[in-house]
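What follows is a short report on a single structure.
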Amino acid sequence: MSNHEKSTGNKETPERSDFIREIIKRDVADGKNGGKVATRWPPEPNAYIHIGHAKAININFGIAEEFSGKCNLRFDDTNPTREEQEFVDAIKQDIRWLGFDWEEREYYASDYFDRLYEWAVELIKKGKAYVCDLSAEEVSKTRGTLTTPGTHSPYRNRPVDENLDLLERMRAGEFPDGSRTLRAKIDMVHPNMNMRDPVMYRILRATHHRTGDKWCIYPTYDWAHGQSDSIEGITHSLCSIEFENHRPLYNWFLDELGVHHPRQIEFARLNITYTVLSKRRLVELVNGGHVEGYDDPRLPTLAGLRRRGYTPEVIREFLALIGVDKTDSTVDVQLLEHCLRRNLNLRSPRRMGVLRPVRLVIDNYPEGRVEEMEAVNNPEDASAGTRAVPFSKVLYIERDDFREVPPPKYWRLAPGREVRLRYAYFVTCTGVVKDDAGNVVEVHCTYDPATKGGDAPDGRKVKATLHWVSAEHALQAEVRLYDHLFIKKDPTDYPEGADWTANLNPKSLEVITNARVEESLADAAVGSRWQFERLGYFCVDPDSRPGALVFNRTVTLRDTWAKIQKAQKAGK
RNA sequence: UACCCGGUGGUGUAAUCGGUAACACAAGAGGUUUUGGUCCUCUCGUUGGAGGUUCGAGUCCUCCCCGGGUAGCCA
């Protein structure tokens with residue numbers, strides 16, 4: 001009975017839950033960590049972040065917030081050969097844009113280099129770490145394989161004092177790069193490769209973006225990560241699934257040190273159809289010149305999505321919908337696009353814009369006359385009001401909205417057909433003018449003055465409503481039409497011997513330079529988002545200049561007619 | 001032929017101590033409509049397989065099959 005009451009009580013506010021939140025709920029209930037929750041998001045500052053990272057950010061910051069805890073931002077900067085300040089700045093900007101705040105808790109693994117060193121000394125004294133003189137190649141060879149055990153390093157049983165001395169000299173710069181390492185003394189026959197005496201320090205002369213040339217030895221990820229978590233008092237260290245095999249090592253270090261011991265929990269990374277979410281591949285796309293930069297609107301980087309016209313809300317809604325689990329999965333990009341349309345539909349003012357213009361001449365409309373038509377700014381938002389759109393004898397309509405020979409189910413303009421010009425008049429097509437090549441250069445029609453505003457007093461109906469723009473008033477604009485970057489659902493599925501970039505969509509970008517838009521868009525600000533009626537959502541690109549507008553198509557409207565056409569083609 | 005982790009409709013997730021498969025997207029069909037948009041309605045799975053325990057199993061047990069990860073001095 002009480003069970004029923006409980007479940008009905010929760011109906012209205014469905015509690016978000018997943019296996020991680022369940023674990024944390026239990027930990028809190030058990031009074032672990034004094035009932036507190038602290039998380040962190042630990043990016044390596046060596047690349048721009050993408051929507052897959054946003055998933056991790058959302059989990060870490062989101063969970064901290066839900067459990068009244070804090071989430072730190074910590075840059076995992078233990079490899080100076082790859083990390084740069086530029087990425088630190090870009091990552092911070094992207095996290096803020098997503099709407100998360102780490103307040104003053106901006107940390108760096110490099111902040112802990114001294115403490116890490118002290119701990120290394122401690123492990124040596126415990127006989128749990130040793131300096132190894134094997135080369136990288138030799139270490140690799142003696143590690144064994146997935147199915148065969150490793151063998152002990154000849155330096156494994158060096159006396160403590162010698163280890164201490166050598167480590168100190170490693171730090172002092174007495175040895176060349178790569179000549180020695182500090183290794184944890186664990187188990188060379190362990191079935192988990194990570195436990196076969198993993199490297200803790202390597203000698204590496206590289207200028208670090210924060211510590212400069214202070215160090216010539218740098219901790220590895222495994223040696224730095226858990227201890228950094230511990231120092232910060234993290235309670236739940238949430239990371240992606242590829243670190244699962246590292247958890248025993250994470251636990252081993254913390255246990256040997258006897259310090260605060262966060263719990264590591266792993267979740268599956270995000271995959272989305274028709275795109276790639278791996279740093280390596282993103283870098284290849286940019287460096288290979290396949291896209292124009294990390295903020296190319298075709299890329300799933302946060303910078304790219306932002307430029308494409310996504311809002312942070314879209315991404316967060318999407319992430320909330322896909323949930324969190326451990327199973328490998330690939331989310332249909334259409335779910336992302338659904339979130340996008342839903343959000344943009346509510347907030348985007350409507351305008352009329354013609355991508356591929358063709359002249360429409362209204363023969364019985366007075367020469368030189370201009371009428372101001374009242375157009376609704378946003379049917380989803382009454383407070384958005386209306387605006388006046390100039391109407392005249394010569395207009396532009398969409399080339400695709402006229403067919404000399406209309407196919408089945410096509411109910412737009414064609415000879416003899418009557419359609420509505422949105423917010424204006426009913427017009428009936430009377431003929432066309434063609435050039436020598438037979439291309440339609442002008443469509444002629446007559447209008448019915450009684451239908452002003454778009455309603456017929458006699459109640460007659462039309463099947464189609466077209467968008468339009470007055471030829472003498474409209475602004476010319478550039479419009480960039482984007483499509484999926486890849487032609488395959490799984491871009492990494494490519495024939496043997498071929499290059500994965502063979503799956504790139506050659507039509508992922510089409511630039512239209514001769515589009516016409518309403519004059520009310522003249523002062524549209526960079527980044528502003530609009531719906532061009534019947535076409536899709538567009539935003540003003542940073543390349544845009546006064547008098548030389550540039551729009552990015554964020555996403556098309558759902559297009560039933562396109563589906564019909566596709567089905568018709570497939571059927572024939 | 002090692003170890004770890006997974007396997008619910010086309011996709012992504014739900015399903016409290018085992019109690020009779022839910023939500024969203026997609027797809028298809030229909031309705032409304034001054035955007036072939038939005039909105040509304042309907043259709044589409046018996047939970048990888050085989051056994052077992054039980055009044056009852058997606059949830060427990062056994063075996064099998066399939067998928068992913070792991071052999072950087074990357075993270």
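All of these numbers come straight from a predicted model, not from anything done at the bench. Convention: sequence-line order gives letters A, B, ...; per-chain numbering from 1.
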Any side-chain N or O of [X] less than 4.0 Å from the OP1 or OP2 oxygen of [N]?
X	N	value
A:Arg143	B:C73	yes
A:Arg202	B:A75	yes
A:Ser329	B:U11	no
A:Arg247	B:C5	no
A:Lys326	B:G69	no
A:Ser135	B:C73	no

Residues that A:Thr560 engages under side chain to side chain contact (heavy atoms under 4.5 Å, CB included), provided they are two or more places apart
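With sequence neighbours excluded, A:Thr560 shows a side chain to side chain contact (heavy atoms under 4.5 Å, CB included) to A:Ile564, given in chain and number order.
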
Pairwise [atom1] distance for [N] and [M], with rounding to whole Å:
N	M	atom1	result
B:C40	B:U59	C1'	36 Å
B:G28	B:G49	P	28 Å
B:G48	B:U41	C1'	35 Å
B:C44	B:A21	P	14 Å
B:G18	B:C39	P	40 Å
B:C61	B:G6	P	13 Å
B:G10	B:G72	C1'	39 Å
B:C42	B:G7	C1'	31 Å

Base, sugar-phosphate, or nothing for [X], non-hydrogen atoms under 4.0 angstrom?
X	value
A:Leu146	base
A:Leu270	nothing
A:Tyr218	nothing
A:Tyr201	nothing
A:Thr273	nothing
A:Ser140	sugar-phosphate
A:Val376	nothing
A:Asp222	nothing
A:Asn245	base

Tell me if the CD atom of A:Glu137 is crowded by more than 12 foreign heavy atoms within 6.0 Å.
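Counting neighbours around CD of A:Glu137, 12 or fewer heavy atoms of other residues, nucleotides or ligands fall under 6.0 Å, so no.
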
Can you confirm whether A:Lys326 is buried at NZ, in the sense that more than 12 heavy atoms of other residues, nucleotides or ligands lie under 6.0 Å from that atom?
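Yes - once you tally the heavy atoms of other residues, nucleotides and ligands closer than 6.0 Å, there are more than 12.
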
Mind checking what makes ring pair (Phe, Tyr, Trp, His ring centres under 6.0 Å) contact with A:Tyr250, not counting sequence neighbours?
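If we apply the ring pair (Phe, Tyr, Trp, His ring centres under 6.0 Å) test to A:Tyr250, skipping adjacent residues, there are no hits.
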
Would you please name every residue forming a ring pair (Phe, Tyr, Trp, His ring centres under 6.0 Å) with A:Phe486, sequence neighbours left out?
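Partners of A:Phe486 under the ring pair (Phe, Tyr, Trp, His ring centres under 6.0 Å) test: A:Trp500.
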
Could you work out which one of B:A24, B:A75, B:A2 sits closest to the side chain of A:Thr220?
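Side chain of A:Thr220 sits closest to B:A75.
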
Side chain of A:Thr145 only, heavy atoms from C-beta on: which candidate in B:C73, B:A75, B:A71 is closest?
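Selected nucleotide: B:A71.
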
Pairs under 3.5 Å (N/O, protein and nucleotides 35-41 of chain B):
residue, atom, partner, partner atom, Å
B:U35, O2, A:Gln531, OE1, 3.1
B:U35, O2, A:Arg534, N, 2.8
B:U35, N3, A:Gln531, OE1, 2.7
B:U35, O4, A:Arg350, NH1, 2.3
B:G36, OP1, A:Arg534, NH1, 2.8
B:G36, O2', A:Thr560, N, 3.3
B:G36, O2', A:Thr560, OG1, 2.9
B:G36, N7, A:Arg412, NH1, 2.3
B:G36, O6, A:Trp411, N, 3.4
B:G36, N1, A:Lys409, O, 2.8
B:G36, N2, A:Lys409, O, 3.2
B:G37, OP1, A:Thr560, OG1, 2.8
B:G37, N2, A:Glu380, OE2, 2.9
B:U38, OP1, A:Arg558, NH1, 3.4
B:U38, O2', A:Asn345, ND2, 3.4
B:U38, O2', A:Glu380, OE2, 3.1

Interface polar pairs with nucleotides 42-45 of chain B, N/O, under 3.5 angstrom:
none

Does A:His246 contact B:A75 through a side-chain donor or acceptor facing the base, at a distance under 3.5 Å?
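Yes, a donor-acceptor pair under 3.5 Å.
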
Residues [X], [Y]: salt bridge by 4.0 Å N-O rule:
X	Y	value
A:Glu398	A:Arg356	no
A:Arg263	A:Asp27	yes
A:Arg342	A:Glu317	yes

Is any side-chain heavy atom of A:Arg341 closer than 4.5 Å to a side-chain heavy atom of A:Arg558?
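Answer yes - side chains close enough.
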
Does A:Arg420 make a cation-pi contact with A:Tyr425, if we ask for NZ or CZ under 6.0 Å from the ring centre and within 45° of the axis?
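No; the conditions do not both hold, so A:Arg420 does not lie above the ring face of A:Tyr425.
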
Show your working on salt bridge (Lys or Arg N to Asp or Glu O under 4.0 Å) between A:Arg74 and A:Glu232 and close with a plain yes or no.
CA-CA 10 Å; A:Arg74 180 172 75 238; A:Glu232 292 179 16; 3.1 Å; yes

Given atom CG of A:Asp328 and atom P of B:G12, what is their separation to the nearest angstrom?
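About 10 Å, once rounded to whole Å.
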
Would you compute the distance between atom CZ of A:Phe113 and atom OG of A:Ser228 and round it to the nearest 0.5 angstrom?
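A:Phe113 CZ to A:Ser228 OG: 8.5 Å, rounded to 0.5 Å.
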
For RNA chain B, the expected dot-bracket line (Watson-Crick or G-U under 3.5 Å, [ ] crossing, | inter-strand) is .((((((..((((.....[..)))).(((((.......)))))....(((((..]....))))))))))).....

Tell me whether the rings of A:Tyr108 and A:Phe75 are parallel (<30°), tilted (30 to 60°) or perpendicular (>60°).
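Parallel, since the angle between the ring planes stays under 30°.
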
So which one's nearest nucleotide on RNA chain B is more toward 5', A:Glu83 or A:Leu421?
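Nearest nucleotide further toward 5': that of A:Leu421.
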
